[in-house]
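One structure is given here, and the rest of the page talks about it.
Order of the sequence lines sets the chain letters (A, B, ...), proteins ahead of strands, with each chain counted from 1.
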2 protein chains.
Amino acid sequence: MSGEQNIVDFIASSRGNKTHCSTCSLSSLCLPIALNNSDLDTLDKVIKRGRPIQKGELLFKQGDPFHAIYAIRTGAVKTFTVAPSGEEQITGFNLASELVGLSGYSQDTYPLSAKALETTTVCELPLDKLEVLCDEIPGLRKQLMKNMGSEIRHDQQMMLQLSKRSADERLAHFLLELSGRFERRGFSAKSFRLSMSRVDISNYLGLAVETVSRIFTRFQKSELITTEGKEVTVINCSELSELAGNPTIKEECNAAH
Amino acid sequence: MSGEQNIVDFIASSRGNKTHCSTCSLSSLCLPIALNNSDLDTLDKVIKRGRPIQKGELLFKQGDPFHAIYAIRTGAVKTFTVAPSGEEQITGFNLASELVGLSGYSQDTYPLSAKALETTTVCELPLDKLEVLCDEIPGLRKQLMKNMGSEIRHDQQMMLQLSKRSADERLAHFLLELSGRFERRGFSAKSFRLSMSRVDISNYLGLAVETVSRIFTRFQKSELITTEGKEVTVINCSELSELAGNPTIKEECNAAH
DNA sequence: TGTTTTTCTTGACTTAAATCAGTGTTTTTA
DNA sequence: TAAAAACACTGATTTAAGTCAAGAAAAACA
């Protein structure tokens, strides 16, 4: 069973004809977690829910005026910065319930681009409305800052990965991190579909595609995972965690499933 | 003339007996930029200005309860995360006027440590008071979020450095970035003192110390810079910028000085 | 449906930076 | 102020990951 298909089912069950924050099954992961019902309704009125974004389309482009932040409802996006020289660096992958575009707060334009990895629907939070709401709902401000804090923490963990870990360690870490994120969304931690290409993974992890490809093969030979194209199954979670240098996850491997 | 000495002079001129936000010469760089005088006073009342922190002392430690953010008044700090395996990754260096500890918003403990690189004085902004103030002064909230956004952008630029740039490019970029930050604080962009060790630089840039040492020597042989211990003078800013892959800085080289 | 295009994999070879080893130089502290 | 410790530099060697090249498999398209 594919992760993508399941997210769609998951969401479908949460809406009648229209989607609302109060009935969205992602609300416990998304922004509204700390908000009461009345605040949730206020927020809900401000959210734009447009047509789906097709694979390859941009949600916003580096340099565009910073006018909104987005919550992923279904699908997945990648965010990336482009250097003056034209090189691209993928800074993250975002799944359902995650917020995209927060780094826009640093200036008046987005410092990165966001592109859909598959057909994706989003909740758009227009900045002007959000600004007003932030002053009205203290819980919303805190939640937003918490999200920004988490992004800083993520990026700093990534700096450690890029500067201190071997190629094997990076890929192991990447797979387990994704696995955990799927699990928190109610999907299998063992088996999931990678919505990004090998090129995207290698760019994100600071490696050559060939290296990533070789490690996938190697991980299969040593029976840590199996793959079938973009479908990945974790066989030996414990050993994979050991490789990733993550003792916490390792314990969870034995506990869960 | 050393950067450190000058920062001290700079600050000294801005205080009579007591330091206040309204008289601090860093205020145009620090938090209060967007605040009016009355708001500034409100903020000022909340700030704790303790004794100086000695070189090597921690401002806060990874895992400590998140209870305050800090503005550097004089001196410099490094922030770093420690992996479960014990490896350290320096995530940034902070100079006078910069805010430290913002990533604490991601949870209830600091996800990194901050250590003084030299004798350092800070303005402590206790979280409980800051929370109240954020709800009272909308400009303060915006300013804080802008600072967090800038940190995200910085870390993502760093990801690009670590994953795409050669050792030479990284060091060139590092030196020019520092140069620019000194200049914005009113010091020489050409000549400054590195408050961090070569080991710190190499850790931050994801390189071995030996590599950093060799590049310093190489940069001197090709007459891009001169060094005398921690003192650095940029001779050929233009070519250094070229190396760093930064066309914007390159133009500024010819304009300024 | 077959054809083009993109993505993925594998092998052979190269290289940038790491590691190892040793020496000189500051800084700390006793 | 002398000894110890930490820091900085240099050379020789190794190695992990990159590059180049080419074929296989999937995806996109027409």
Side-chain angles (χ1 to χ4, degrees), chain A residues 2 4 54-57 78 87-90 115-119 161-175 193-222 225-232 243, chain B residues 2 4 54-57 78 87-90 115-119 161-175 193-222 225-232 243:
Chain A
S2 93
E4 189 184 349
Q54 293 306 310
K55 180 175 177 175
E57 270 185 70
K78 65 173 173 184
E87 288 157 303
E88 289 185 8
Q89 172 65 40
I90 294 177
K115 187 181 268 188
L117 290 169
E118 52 192 80
T119 305
Q161 289 289 317
L162 292 172
S163 93
K164 301 281 180 310
R165 303 295 197 207
S166 71
D168 285 38
E169 289 167 338
R170 288 183 217 178
L171 190 63
H173 176 92
F174 172 75
L175 291 173
R193 192 178 158 280
L194 301 171
S195 50
M196 68 293 290
S197 70
R198 299 286 195 266
V199 175
D200 284 342
I201 295 174
S202 68
N203 180 301
Y204 179 60
L205 297 179
L207 301 168
V209 211
E210 293 93 327
T211 305
V212 170
S213 209
R214 274 186 258 268
I215 299 173
F216 266 113
T217 313
R218 194 136 30 82
F219 279 3
Q220 288 187 85
K221 279 191 184 146
S222 40
I225 60 169
T226 59
T227 68
E228 222 188 296
K230 305 205 157 183
E231 207 70 34
V232 174
L243 228 178
Chain B
S2 93
E4 189 183 348
Q54 293 305 310
K55 180 175 176 177
E57 271 186 70
K78 65 174 174 184
E87 288 156 303
E88 289 185 9
Q89 172 65 40
I90 294 177
K115 187 181 269 188
L117 291 169
E118 52 193 80
T119 306
Q161 289 290 318
L162 292 171
S163 93
K164 301 280 179 311
R165 303 296 196 206
S166 72
D168 285 37
E169 291 167 337
R170 287 182 219 179
L171 191 64
H173 176 92
F174 172 74
L175 291 173
R193 191 177 160 280
L194 302 171
S195 50
M196 67 293 290
S197 69
R198 299 285 195 269
V199 175
D200 283 343
I201 296 174
S202 68
N203 179 302
Y204 178 60
L205 298 179
L207 301 168
V209 210
E210 294 93 327
T211 305
V212 169
S213 216
R214 275 186 256 269
I215 299 174
F216 265 113
T217 312
R218 194 136 30 82
F219 279 3
Q220 288 188 86
K221 280 190 184 147
S222 40
I225 60 169
T226 59
T227 67
E228 222 189 296
K230 305 205 157 182
E231 207 69 37
V232 174
L243 229 178

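A/Asn203 places a side-chain N or O within 3.5 Å of a backbone atom of A/Glu88 that can act as its donor or acceptor partner.
Rounded to whole Å, atom P of D/dA8 lies 12 Å from atom CD of B/Glu210. Rounded to an integer number of Å, the gap from B/Arg218 CZ to D/dA8 P is 18 Å. Spacing between atom CD of A/Glu118 and atom C1' of D/dA28 amounts to 17 Å, rounded to whole angstrom units. One atom, CD of B/Glu169, and another, P of C/dA17, lie 9 Å apart when rounded to the nearest Å. Distance A/Ile201 CD1 to C/dC8 P: 8 Å, rounded to the nearest Å. Put simply, NZ on B/Lys221 is 11 Å from C1' on D/dC9, counting in whole angstrom units.
Counting heavy atoms from C-beta on, the side chains of B/Asp168 and B/Arg218 come closer than 4.5 Å. A/Leu117 places none of its side-chain heavy atoms less than 4.5 Å from the side chain of A/Lys55.
Both distances falling under 3.5 Å, in either a Watson-Crick or a G-U wobble arrangement, place D/dT1 opposite C/dA30.
Between B/Thr217 and D/dT10 there is a side-chain N or O to OP1 or OP2 distance below 4.0 Å. A/Ser166 has no side-chain polar atom (N or O) that falls below the 4.0 Å cut-off from OP1 or OP2 of D/dA16. OP1 or OP2 of C/dT28 has at least one side-chain nitrogen or oxygen of B/Lys55 nearer than 4.0 Å. Contact annotation: B/Ser197 side-chain N/O to D/dC7 OP1/OP2 distance is not under 4.0 Å.
One distance of note links CZ of B/Arg165 with CG of B/Leu171; it measures 14.0 Å at 0.5 Å rounding.
Position along DNA chain C of the nearest nucleotide to A/Arg214 versus B/Ala167 favours A/Arg214 as the more 5'-ward residue.
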